[in-house]
J.: 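For reference, the structure I am asking about is given below.
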Amino acid sequence: MCAQQYQAEFLLKMYELMLKSRIFEEKIAELYRKGELMGLLHLYIGQEAVAVGVITALRNGDVALSTHRGHGHAIAKGVPLKNLMAELYGKSTGTSKGLAGSMHLVDVEHGLPLSSSIVGGGIPICVGMAWAYKLSKSNNVATCFFGDGAVATGDFHGSLNLAALLDVPAVFVCENNQYALSLPVSRGVSSPSIADLARAYGIKSFTANGMDAINVYEIANAAINNYARKEQKPVFIEAKTYRFLGHHLGDLMQPYRTKEEVDAMKKLDPISNLRDLLIREYGVTESALDDLRTKIVKEIEDAVEFARNSPYLDPGELPKFVYSKQSGGAQLA
Amino acid sequence: MREITYAEALNEALRIEMSRNERVTVLGEDVGVFGGIFGVTNGLLEEFGPDRVVSTPISEDGFTGAALGLSLAGYKPVVEIMYMDFILLALNQIINHAAKVRFISGGKLEAPMVIRVMMNYGPRYTGPQHTQDFAAFLAHIPGLKVVAPATPYDAKGLLESAIRYERDPVIFLEHSLLYRTRGPVPEEEYFIPIGTSDVKVNGEDVTIVGYSYTTWLAMSAAKRLKEEGISAEVLDLRTLYPLDRKAIIISVEKTGRLVVVAGDVRSYGVGAEIVSTVAEEALHSLKVPPVRIAVPDLPVPFSPPLVDHVVPTEDKIVSAAKKIVKNI
């Protein structure tokens, strides 16, 4: 790319979001290993450029649907870290009062209406939300993130077909991190190019370097703002990326890939590469970036304290979150 | 009062709701020019246009998920699932997603959608993949409401309630053998609260519980029983969840005898829930053990004489009632 094509502030904002996601996840990994956090934690470390690049191209009112690997999308969407952390602690101050946990992050106010832990499950819902935006002429788009594993599901194919038939502004973002748990994409998807599959449905399709936030942003901006929103049509982005850690924190041995492969991919770290660029081409000082890191670390430490000190939901409250009113009787307005 | 069919009553409810709220949309297989199952969506495409009445491709999980997305973004979609057997293909969206959004969002989101489904249990000679009744299974899922009207009057009033007032996903069960039945239906709008049962026939000697088509079987059986000197009460559940448990208890406390007639397979079925409710809350009112009439634990065969052997019938209800009332 040309030097100084962007304002330093713009790139610094993307850098900050990626770094927040990275440090947040490093912290929760530590807390999980200490036994303080429970459940299944699927970390996004290595893939941060995709969420940040795409979500930076979204506008006010646009939504993003996430997956079981959702911390990065939530943070890029601006979900407050203290509420996110409290959700992982299962506390009542969490984004969903502790009812959802890491795999089902929701924050309606911040444009994260749903995260599905069922692979591919969010894709048709995204089509429906985009359909609503088209019918109501809101000029918003609905975005869904999913992995290469979702490409094999019926939801993926049914949804792409439906979106193309309906011409709705749905933005499909496939984060091809090369593995569906242990299955390499070459064994999980018959086409060498996932982007080509979308083309077969008549959907305009892009491929992005998912290890480069600037490239992802540029592709997403073209796909979303110059196409999906403008033409009211679906668009597809295959972002090629890599997860540096196991499928989740319990996946320690990773017998499906070599340490050499992982080490080679870590050299493509989107965060340290953007840091180098900011210093080299934009005159940002190392001390300014260190200050930024210190600020983020403090915010995350505060989030942990907030979560630790928060109460659990009273179990008696649980039935309130199942039906619009307590079920069991007549219900008329 | 004028009489119209069950299918016409449903059509009328859709028409009223679509006329007053442009955010009500209809989607599913063949709901457009074809007019949907038994003509329930007849004329809607012409009246409300192709943006609001959409024939979808055959992708139940896809279009049900899209309907969920519409509902999350402020619309009120009414989905049609052609046969209940096909709902299995949409259950990931219905159970893992639609039924969970309120909970997953800590109460901030809701999925007000209606999923109309045709049941085809009973004497329908369509083989093992077109005759299943999964009502109990759906009623087993927290977050879903399950409605199963038996008459044109109830069909219209319940569908209007589901579309106008419900803020949760409603599974609206219809029955293939009911679409052409006729009954009195007011022309204007009216609302039957979801969660309320209805005593279709008053009686003293035995309570016969039904829903949808089995209510009709129970009503016919009650007529025959009357001729034989047995006064049967027919309790039409109308809603399977939330279940009107109080009405069941009141009726059984009065009659002391219970026959449940269900279109599903006996083990873990609707009958099990009704009998359990009575066992927990009115055990000592029972003069004799309750009876469950349902499909034995088998797939329903195609062969017509074999079908009649396994599905609930009027004869089976009459003989069960005679046995527990008069011990004959």
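We name chains A, B, ... by the order of the sequence lines, and we start the count at 1 in each one.
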J.: Do A:Ser102 and A:His71 have side-chain N/O donor and acceptor atoms under 3.5 Å apart?
T.: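 Yes, side-chain donor-acceptor contact under 3.5 Å.
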J.: Name the region of B:Asn92, side chain, backbone, both or neither, that has any atom closer than 4.5 Å to a heavy atom of chain A.
T.: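 Contact with chain A is through the side chain of B:Asn92 alone.
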J.: For the interface with chain B, which of A:Leu114, A:Val127, A:Val106, A:Leu135 has the highest count of heavy-atom pairs at distances below 4.5 Å?
T.: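 Option with the greatest count: A:Leu135.
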J.: Please determine whether side-chain contact (heavy atoms from CB on, under 4.5 Å) holds for the pair A:Glu175 and A:Asp148, giving the CA-CA distance in whole Å, both sets of side-chain angles, and the decisive distance to 0.1 Å.
T.: CA-CA 6 Å; A:Glu175 303 182 305; A:Asp148 45 292; over 6 Å; no
J.: For the candidates A:Leu313, A:Leu162, A:Leu166, A:Leu112, which exhibits the highest count of non-hydrogen atom pairs separated by less than 4.5 Å from chain B?
T.: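 Ranked by contacts with chain B, first place is A:Leu162.
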J.: Is it the side chain or the backbone of B:Ile58 that comes within 4.5 Å of chain A heavy atoms, both, or neither?
T.: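 No part of it gets close to chain A.
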J.: Going by atom types alone, do B:Asp168 and A:Ser324 pair a side-chain donor with an acceptor below 3.5 Å?
T.: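 Distance-only check passes for B:Asp168 and A:Ser324.
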J.: Given that the side chain runs from C-beta out, which part of B:Tyr75 has a heavy atom under 4.5 Å from chain A: side chain, backbone, both or neither?
T.: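 Contact with chain A involves the side chain of B:Tyr75 alone.
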J.: Of all of B:Lys246, B:His97, B:Arg23, which one pairs up most often with chain A through heavy atoms under 4.5 Å apart?
T.: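 Option with the top pair count is B:His97.
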J.: Among B:Ser59, B:Gly107, B:Gly143, which has the most heavy-atom pairs under 4.5 Å with chain A?
T.: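 With the most close heavy-atom pairs to chain A, the winner is B:Gly143.
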J.: Heavy atoms only: give me the nearest B:Glu160-B:Ala13 pair and the separation to one decimal.
T.: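 Answer, listing the atom of B:Glu160 first, then B:Ala13: CG-CB, 3.7 Å.
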J.: What part of A:Tyr133 gets closer than 4.5 Å to chain B, counting heavy atoms only: side chain, backbone, both or neither?
T.: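 Only the side chain of A:Tyr133 comes within 4.5 Å of chain B.
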J.: Could you tell me which portion of B:Asp61 (side chain, backbone, both or neither) has an atom closer than 4.5 angstrom to a non-hydrogen atom of chain A?
T.: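 It is both, since atoms from each part get that close.
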J.: Looking at A:Leu99, A:Asp107, A:Leu165, which has the largest count of heavy-atom pairs under 4.5 Å with chain B?
T.: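 Ranked by contacts with chain B, first place is A:Leu99.
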J.: Under a 4.5 Å heavy-atom cut-off, does chain B meet the side chain of A:Val108, its backbone, both or neither?
T.: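 Side chain only.
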J.: Contact part of A:Ser92 toward chain B, heavy-atom cut-off under 4.5 Å: side chain, backbone, both or neither?
T.: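 Neither the backbone nor the side chain of A:Ser92 comes within 4.5 Å of chain B.
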J.: Mind running side-chain contact (heavy atoms from CB on, under 4.5 Å) on A:Thr153 and A:Phe146 for me, showing each step along the way?
T.: CA-CA 11 Å; A:Thr153 66; A:Phe146 50 88; over 6 Å; no
J.: Which one of A:Lys77, A:His104, A:His73 satisfies the side-chain hydrogen bond (donor to acceptor under 3.5 Å, both in side chains) criterion with A:Ser66?
T.: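 With A:Ser66 as partner, side-chain hydrogen bond (donor to acceptor under 3.5 Å, both in side chains) holds for just one option, A:His73.
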J.: Which of the residues A:Thr95, A:Ile118, A:Val168 is involved in the greatest number of heavy-atom pairs with chain B at under 4.5 angstrom?
T.: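 Of A:Thr95, A:Ile118, A:Val168, A:Ile118 has the most heavy-atom pairs under 4.5 Å with chain B.
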J.: At a 4.5 Å cut-off on heavy atoms, which part of A:Glu87 comes close to chain B: side chain, backbone, both, or neither?
T.: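 Contact with chain B: none, neither part.
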J.: With B:Leu138, which of B:Leu240, B:Val146, B:Val117 fulfils side chain to side chain contact (heavy atoms under 4.5 Å, CB included)?
T.: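 For B:Leu138, the side chain to side chain contact (heavy atoms under 4.5 Å, CB included) check succeeds only for B:Val146.
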J.: For A:Leu105, is it the side chain, the backbone, both or neither that has a heavy atom under 4.5 Å from a heavy atom of chain B?
T.: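 It is neither, since no heavy atom gets under 4.5 Å.
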J.: I'd like to know if the side chain of B:His140 pairs up with that of B:Tyr241 as donor and acceptor (distance under 3.5 Å, no hydrogens or angles considered).
T.: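 No, B:Tyr241 and B:His140 have no side-chain donor paired with an acceptor closer than 3.5 Å.
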J.: Contact between B:Ile194 and B:Leu158 at the side-chain level, heavy atoms closer than 4.5 Å - yes or no?
T.: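 Touching, per the 4.5 Å side-chain cut-off.
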J.: Check whether A:Leu318 gets within reach of chain B through its side chain, its backbone, both or neither, counting any heavy atom under 4.5 Å.
T.: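 Both parts, backbone and side chain.
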J.: If you draw the axis of the six-membered ring of A:Tyr312, does the NZ or CZ of A:Lys91 fall within 45° of it and under 6.0 Å from the ring centre?
T.: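 Yes, A:Lys91 sits over the ring of A:Tyr312.
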